[in-house]
Every structure is written in C-alpha cells, then in structure tokens.
Protein chains: 4
Amino acid sequence: MRKLLDAAMVVFARRGYHAARVDDIVKLAKTSHGTFYLYFSNKEDLLRALVIEAGTEVATLDQLLGPVGPDPEGWQELRAWMSRFSEAWQRYAPVIRAWTDLAMTDPELGAQAHSAAGGVSSTLAKRIAEAGPDEGIDPIAAAEAVVAMIDRFHYLRQFTGEPVDDTALDTLTTMVHRALFTGTAARKPRPRGSSAVRKARQML
Amino acid sequence: MRKLLDAAMVVFARRGYHAARVDDIVKLAKTSHGTFYLYFSNKEDLLRALVIEAGTEVATLDQLLGPVGPDPEGWQELRAWMSRFSEAWQRYAPVIRAWTDLAMTDPELGAQAHSAAGGVSSTLAKRIAEAGPDEGIDPIAAAEAVVAMIDRFHYLRQFTGEPVDDTALDTLTTMVHRALFTGTAARKPRPRGSSAVRKARQML
Amino acid sequence: MRKLLDAAMVVFARRGYHAARVDDIVKLAKTSHGTFYLYFSNKEDLLRALVIEAGTEVATLDQLLGPVGPDPEGWQELRAWMSRFSEAWQRYAPVIRAWTDLAMTDPELGAQAHSAAGGVSSTLAKRIAEAGPDEGIDPIAAAEAVVAMIDRFHYLRQFTGEPVDDTALDTLTTMVHRALFTGTAARKPRPRGSSAVRKARQML
Amino acid sequence: MRKLLDAAMVVFARRGYHAARVDDIVKLAKTSHGTFYLYFSNKEDLLRALVIEAGTEVATLDQLLGPVGPDPEGWQELRAWMSRFSEAWQRYAPVIRAWTDLAMTDPELGAQAHSAAGGVSSTLAKRIAEAGPDEGIDPIAAAEAVVAMIDRFHYLRQFTGEPVDDTALDTLTTMVHRALFTGTAARKPRPRGSSAVRKARQML
DNA sequence: CATGAATGAGTGTTCATTCAT
DNA sequence: AATGAATGAACACTCATTCAT
C-alpha cells in the first residue's frame with residue numbers, strides 16, 4: 001500500500017525509526033492497524049520494503065554514471081551524477097537513516113542494504129579505475145570515501161537546516177574531481193627501501 | 001560512575017542506543033538499577049555525559065591541527081591529524097552513532113552535539129581559509145565535507161569489517177589534500193550565456 | 001454450508017477451538033470470510049451448529065441401547081453400543097473438545113451441550129435401573145461415571161497416539177459390565193460401630 | 001510469587017485459560033504486569049509452573065496407594081485413595097482444564113503433563129497387576145480407564161453443580177473395585193478358532 | 001551510598017467481524 | 001449469493017523508572 005509507504009517515510013523523517021509508532025503511520029495514512037499488518041508483517045518489514053524501493057532507485061544511479069576523466073567533460077559528468085545522487089538521497093533520507101538505526105541490531109538488514117549502497121560505490125570505483133586515477137589512490141577506497149562524503153554531507157546539512165543547493169554540489173563535485181584526478185598535487189613522499197634501511201640512513 | 005559509562009559504551013556498541021536496555025548496562029557494570037539512577041537521571045542523560053566526554057576529546061583535535069598548505073608539509077600535517085581523528089572516532093564510535101540515533105528525536109541533544117562536531121569543522125575551515133585554497137572551494141562547505149567523509153568512511157568500514165588501516169588513511173589524506181589545494185585541476189567551466197544559447201551553439 | 005462445517009471440524013481437530021482462526025477454516029473450505037458470516041453469525045455460532053449436529057447423532061445412540069443385564073447377552077448388547085459410541089465419539093472428538101473449551105466461559109452453550117450428553121447417560125441410567133443393579137450402585141451416578149470413563153478414555157488415547165481398538169473396547173465393556181452387575185463382588189462393608197470398636201473386635 | 005499462582009488458579013477456574021487475561025490475574029493478585037513477567041516469562045509459563053506444582057502433588061498420590069485386592073481391605077484401600085485423588089483433583093481442577101485446553105496446541109506441554117498423569121495410572125496398573133486381576137482385564141488399559149473415569153466424572157459434576165460427596169465416591173470405588181476384581185461376572189465369550197472358522201460355522 | 005523488587009504506561013501485533021463491490 | 005480488503009478493539013509483553021530497605 002503506497003499510502004502506508006509514503007506515510008512511513010514522513011513519520012520516519014519526523015521521528016526516526018524507533019520513535020515512529022505504527023499508530024502514527026497508520027493515522028497519517030488514514031488506514032487502520034489491521035491494514036498495516038495486511039501489507040507488512042512487521043514494522044521492520046515495512047522498512048525493508050522501503051529499503052528495497054530505495055535500493056532499486058539507487059541501482060539506476062549506477063547506469064547514469066558515464067566515463068569520468070580528469071578533463072572538464074569528466075567534471076560535467078560527475079556533476080550531473082551528483083545532482084541525481086543528491087536528489088535520490090534527499091528523497092530517501094529517512095530510509096537511509098532508519099536503515100542506519102536498525103542495521104546494527106539486525107545484521108541481515110544491514111547486509112541487504114549495504115549491498116545496495118555497495119552497488120553505487122563499486123560502479124564508481126570502476127569508473128575511477130577506467131579513468132586511470134593518479135598514483136596513491138586506491139579506486140575502491142576512494143569510491144567508498146566519495147559516497148561516504150556525499151552521504152554524510154547531506155545528512156549534516158539536514159541538521160544545520162541549510163539546503164544542499166547548486167553551490168554546495170559544485171563544491172562537492174570539484175572536491176571529488178580534484179581528489180581523484182590531479183596528478184600534480186603533493187602527495188605522500190614515497191619511502192625508499194625498507195624502514196630499517198631508512199633508519200640506518202638517518203643515522204649516517 | 002566510570003563503570004557505568006564504560007559499560008554503556010560497550011552496550012551501545014553492541015546493540016545501538018535504542019536496543020540497549022538499562023538492564024544490560026547495569027549488568028555489565030555489575031551494579032544495580034538504583035545506582036544507575038543515582039548517577040544519571042536518565043538513559044538519555046547517560047548518553048549526554050558520554051557525548052560531553054567525547055566532545056572534550058574532540059575539542060583537543062582542534063588544537064592539534066596546525067597550518068595546512070599545498071606543500072608536502074601540509075600533507076604530513078593533515079596525515080597526522082587524520083590519525084588522531086581516526087583514533088578518536090573509533091574510540092567514540094558508539095557514542096557518535098547513539099547521538100545520530102537520538103539527535104533527530106531530541107533537537108536539544110542534536111544541537112549540543114552538533115556544536116562539538118562543528119568545532120572541528122570550523123577549525124578545519126579556518127585552516128583551509130588561511131592556506132588560501134583554490135578557486136571554487138568554499139572553506140566552510142569543504143571543511144564540512146571533509147569531516148563528513150572521514151566520519152562516514154569509518155562508519156561504513158565498521159560494516160564491511162575491514163579495518164581503517166594506514167593505507168586507508170593515506171588515501172583519505174591524499175584525497176582531502178588534493179581536493180583542497182590543487183589549483184591546476186579541471187574545474188567547473190564558467191558558463192557563458194544561458195543554457196539555451198549554449199545548446200544553440202552546439203548545433204552549429 | 002457443509003464445506004465450512006467440515007473444514008471447521010478439521011481445524012478444530014488440528015488446533016483446538018481457541019487457536020482455530022476463522023481464516024484457517026475459510027481457507028480450508030476454499031471460501032471467503034464473507035461467506036462464513038453469511039451462514040454463521042459467529043465463530044461460536046459455527047461451533048453451536050456442530051454441537052447440534054453431534055447432539056442429534058448422539059441422540060440416536062440412546063435408541064440403540066437395548067436392555068442390559070448381568071448375562072452374556074447384556075455384555076454383547078453393551079459391547080455393540082460401545083462400538084457405536086466409540087465411533088461417534090471419534091467422529092465428533094474435536095467438537096466435544098471445543099465444547100469443553102467454551103462451556104466454562106459460555107454457560108448457555110454449556111447447558112445446551114450438556115443436555116445432549118445428559119440424554120445418553122440418562123438412557124443408560126434407565127437401562128441400569130431396569131436391569132436391577134447390585135446394591136451400592138446409584139444408577140444415575142453410575143451412568144455418568146460410565147460415560148465419563150468412555151469419553152475421557154478416548155481423549156487420553158488421542159494423546160498417547162494409541163488407537164482405541166477392539167481389545168480396548170472389550171476391556172472397557174468388561175469393566176463396565178462387571179462394575180454394574182456383579183452382586184457377588186466385595187463391596188463396602190457396612191460399618192458397625194465406631195472404627196475403634198471395629199479394631200477391638202479384630203483383636204479378639 | 002505465590003500470590004500470582006493463587007490468583008491464576010482462581011482466574012483460570014472462572015474463565016478458563018484462554019479467556020483469562022494477564023490483567024485479570026494481576027489485578028486479583030494486586031500486583032503489576034511487570035511483576036508478572038518478573039516471575040514468569042509467559043502466561044503459558046505460569047501454567048507450566050502450576051502444572052508442575054499439581055504434578056508433584058499428584059506424584060505423592062502414587063505412594064499412597066497400597067496393595068489392592070479383591071477383598072474388603074482392597075476396597076478400603078481404594079476408597080481412601082479415591083478420597084485423596086478427589087481432593088487433589090478438585091484443588092487443581094482449573095489447572096487440569098487449562099492443560100487440556102493447551103495440550104493440543106503445545107505438544108511439549110502435553111507431553112510434560114501427560115507424564116505426570118501417566119505416573120498415577122502406571123502405579124495403579126502395577127497394583128492391579130500385583131493383585132492378579134481377572135481374565136479379560138488389561139492392567140494398563142484398565143488403569144487408564146479408571147483414571148479417565150474419575151477425572152471426567154469430577155469434571156462433569158462441576159457442570160451439573162452437584163458435589164462429589166462421599167456417596168458418589170463410594171459408588172465410584174465400588175464400580176472400580178468390581179470392574180477389576182470380579183471373576184464370576186459375565187464376560188466376553190472366548191471365541192474359538194479363527195474368525196474365518198467362526199463365520200464358516202455360522203453358515204452351517 | 002547501594003540495592004533490586006516492584007511498577008505501569010506504552011506499544012506491537014492479532015484476529016473476529018463488517019461491508020462495499 | 002459470494003467476495004476479500006479493511007477495520008479496530010483487545011491483549012500480551014517490555015522496559016525505563018522508583019523507592020523501601
């Protein structure tokens with residue numbers, strides 16, 4: 001029942017998963033408790049349904065990310081994708097938060113939802129690898145970090161109340177693009193030889 | 001009572017704030033319910049205490065971040081800070097999660113804890129501003145994004161079970177450093193004219 | 001609707017009256033909830049219908065019990081009746097159980113069904129009285145006891161899983177027949193004087 | 001908590017197990033829901049406790065049954081035992097009924113309680129076997145039948161409202177005693193030869 | 001200071017019953 | 001006559017909190 005799913009989103013948004021009473025959801029959806037349990041076997045089951053819904057939406061994000069490179073076209077590509085991501089995130093923010101709440105208690109749900117998120121970051125990792133990222137960047141960790149940044153950035157902005165507008169997305173995009181594709185930046189000085197050798201050298 | 005605070009951390013880590021019963025904490029601390037309410041007026045009050053504790057620890061992180069610039073010394077500085085941050089985050093991970101759980105329901109707690117986190121990111125913003133970051137980077141948003149990235153990256157790694165080791169921290173540091181200080185990177189091309197005009201041009 | 005009555009019997013047999021959900025019955029009968037309430041105003045009403053059905057069946061048992069006396073023909077008569085009784089009991093076992101479950105809560109139903117059972121035992125009482133039972137036997141109590149024994153014996157056998165076969169029925173018949181018609185058996189010695197006096201006598 | 005056990009007995013007696021609300025029990029015991037679940041993990045668990053209590057009481061009945069024979073002393077022995085049995089049954093009548101209600105749904109409980117009842121009837125079976133019962137009596141089936149009779153007789157008397165007084169117990173005792181130990185009674189005519197032979201004979 | 005038995009408001013869930021189609 | 005989606009009253013159970021000892 002769509003009405004219930006929508007209502008649940010609203011209530012989760014307002015009070016969080018735990019504080020959300022079935023009664024609240026049911027009242028907002030203008031249905032009865034019976035109807036709730038007709039469509040979902042659980043409060044958790046309802047969340048699971050929302051997670052799946054969000055997951056399929058997120059899955060489409062995978063395909064929307066074309067080749068990303070150091071050039072301005074890469075930036076544009078990334079920026080467009082960022083918009084979609086931001087939009088999707090904001091739509092499903094309550095679900096993401098609820099998932100976070102529950103994932104710890106229920107490892108199964110954690111795994112289920114994690115695989116969805118993993119889809120996005122692994123696609124991103126592939127794109128980064130394709131583009132031949134700079135030295136010192138592990139595509140997988142980098143992709144995870146990017147998703148993490150965008151995710152949490154949106155979350156924090158919810159608290160400050162400030163919107164995630166174009167300017168913010170531009171900054172995010174720029175940061176990500178630079179982070180991944182700027183070979184000239186200062187980086188960790190490569191240690192030469194083993195650390196034992198290094199120590200020995202310093203003693204000379 | 002230290003025993004209670006420590007026990008609470010463990011239980012929060014295991015089951016999350018909501019699923020954590022006072023009974024669990026009390027049993028682990030080998031005290032009684034009565035003692036619990038002798039020291040804390042609430043389960044929430046206990047969390048508040050932990051948040052304060054974490055907050056003071058985090059506050060010291062502020063002072064540990066020296067000037068950060070585009071040069072290798074900047075990278076080193078950032079890397080050292082990242083280590084401290086990572087360590088602190090991992091120590092207080094359960095508290096951070098619990099806060100996240102509650103912040104939505106209890107705006108007051110949200111504000112209190114947010115100011116702590118805000119301290120870190122505002123110091124970082126100052127450092128970024130001091131270093132004269134590249135065009136297209138808003139120091140405040142950038143600082144927030146960086147903290148967001150590190151925060152969430154750690155959280156996600158908890159789920160995958162993979163540790164946040166030196167390699168991961170190196171990658172994070174490099175990404176952050178590049179993101180902030182690489183003037184030569186491709187950046188958002190300034191749009192000329194309206195998008196309608198642009199489209200028209202492409203048709204020629 | 002016969003389908004519903006049959007289905008109800010099956011479900012009552014499987015799960016008992018209380019645990020039997022209308023949903024179960026309806027599903028087994030391959031009809032809908034609506035149909036159920038078209039024919040019965042209640043779950044209890046359905047049971048009432050089954051009790052009536054069982055009652056009429058039991059009523060025929062009355063007429064099947066001919067004169068019973070101490071002689072072998074009496075035994076045969078009793079044995080034949082026992083077979084019919086056993087058969088009927090096993091057919092309506094779930095109804096009897098359900099009635100038992102409910103009778104306490106709903107005195108009206110209790111009375112209704114009790115009258116049915118009462119029919120059997122009163123007929124039996126009449127037969128016993130006709131046959132001139134031995135001294136020390138109250139026909140009414142005896143008849144009740146016999147019905148009670150047969151009833152419960154069947155019930156207990158359901159639990160042990162052992163069938164109520166011919167051997168068991170033979171034993172039951174023999175017990176009943178002996179219990180009622182054996183004048184030579186030892187019986188309650190009429191007490192003479194106080195027990196102290198009795199003891200004294202025995203010492204002589 | 002004795003108060004709870006006692007209250008539960010009363011409520012089970014009044015309304016039966018299923019209709020008995022935890023609230024009823026708790027109110028009668030003048031405690032709270034919390035206290036209930038402090039001592040019992042379930043409504044079912046409470047019943048289990050009562051069943052165990054009744055079981056131990058019933059177990060003592062085993063030892064109170066001395067040798068039983070066809071003579072008047074046997075009758076006296078049986079009569080004394082019958083009194084104890086009747087008393088115990090009446091004390092635990094609600095428990096027995098509740099068990100009956102549940103046993104079908106919960107096989108485990110059924111087995112547990114059945115073993116208690118089994119103790120009594122197996123002891124009785126032993127006594128019967130010792131006394132050398134008459135031909136045509138299977139000690140085990142007979143013992144079961146006796147217990148069944150007494151059990152159900154009491155139950156039915158609850159409905160009619162008539163008390164189980166000394167007269168009734170006398171009648172029961174006499175019936176049982178006669179049923180078991182009266183060799184001269186008419187009994188099932190021993191069939192000679194196989195049933196095929198018998199049929200053939202009848203055709204002559 | 002410490003205890004832990006007792007509390008009861010709050011909540012998820014079930015299931016008999018209804019009624020628009 | 002038949003359906004089955006919708007209803008909501010009723011109930012078992014939890015757990016943060018208190019207070020007499």
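Every chain is numbered from 1, with letters handed out A, B, ... down the list of sequences. If you're wondering where the values come from, they're calculated on a predicted model, not measured in any experiment.
Taking side-chain N and O atoms only, Tyr39(D) has a distance below 4.0 Å to OP1 or OP2 of dA6(E). Distances shorter than 4.0 Å separate some side-chain N or O of Tyr37(C) from OP1 or OP2 on dT17(E). A close approach under 4.0 Å does occur between a side-chain nitrogen or oxygen of Ser32(D) and OP1 or OP2 of dT7(E). Phosphate proximity of dC13(F) to Asn42(D): present, with a side-chain N or O under 4.0 Å from OP1 or OP2.
Relative to the side chain of Leu38(C), the nucleotides dT13(E), dT3(E), dA1(F) differ in distance, and dA1(F) lies closest.
When both distances must be under 3.5 Å, the Watson-Crick or G-U wobble mate of dA16(F) is dT7(E). The partner of dT21(E) is dA2(F), judged by Watson-Crick or G-U wobble contacts that both fall below 3.5 Å.
Rounded to whole angstrom, the span from the NZ atom of Lys27(A) across to the C1' atom of dT7(F) amounts to 15 Å. If you measure from atom CG of Asp23(A) to atom C1' of dA9(E), you get 15 Å, rounded to the nearest angstrom. Rounded to whole angstrom, the span from the CZ atom of Phe36(B) across to the P atom of dA5(E) amounts to 18 Å. Atom-to-atom, CD1 of Ile25(C) to P of dC15(E) comes out at 13 Å; the value is rounded to the nearest Å. The distance from atom NZ of Lys43(D) to atom P of dA10(F) is 16 Å, rounded to the nearest whole Å. Asp45(B) has its CG atom 15 Å from the P atom of dA16(F), to the nearest Å. Residue Asp24(C) contributes atom CG, which lies 13 Å from atom P of dT14(E) at whole-angstrom precision. In this structure, Lys30(C) atom NZ and dG4(F) atom C1' are separated by 17 Å, rounded to whole Å.
Taking CG of Leu156(B) as the start and CG of Asp151(A) as the end, the distance is 7.0 Å to the nearest 0.5 Å. Considering NZ of Lys3(B) and OH of Tyr39(B), their distance stands at 9.0 Å, rounded to 0.5 Å.
At a cut-off of 3.5 angstrom, counting only N and O atoms as typed in the model, there is no donor on one side facing an acceptor on the other between the side-chain of His33(B) and the base of dT3(E).
Thr31(D) comes within contact range of the sugar-phosphate backbone alone, with a heavy-atom separation under 4.0 Å but no base atom that close. Note on Ala19(D): nothing from the nucleic acid sits closer than 4.0 angstrom, heavy atoms only.
Here the side chain of Tyr17(A) pairs a donor or acceptor atom with the backbone of Glu44(A) at under 3.5 angstrom. Put simply, the side chain of Lys43(B) gets close to the backbone of Ala20(B): a donor and an acceptor are under 3.5 Å apart.
With DNA chain F read from its 5' end, the first of the two nearest nucleotides for Arg21(D) and Ser41(D) is the one closest to Arg21(D). Nearest-nucleotide positions on DNA chain F place Thr35(A) closer to the 5' end than the other of Thr35(A) and Val22(D).
Taking 4.0 Å as the cut-off between side-chain N and carboxylate O, Arg21(D) and Asp24(D) count as a salt-bridged pair.
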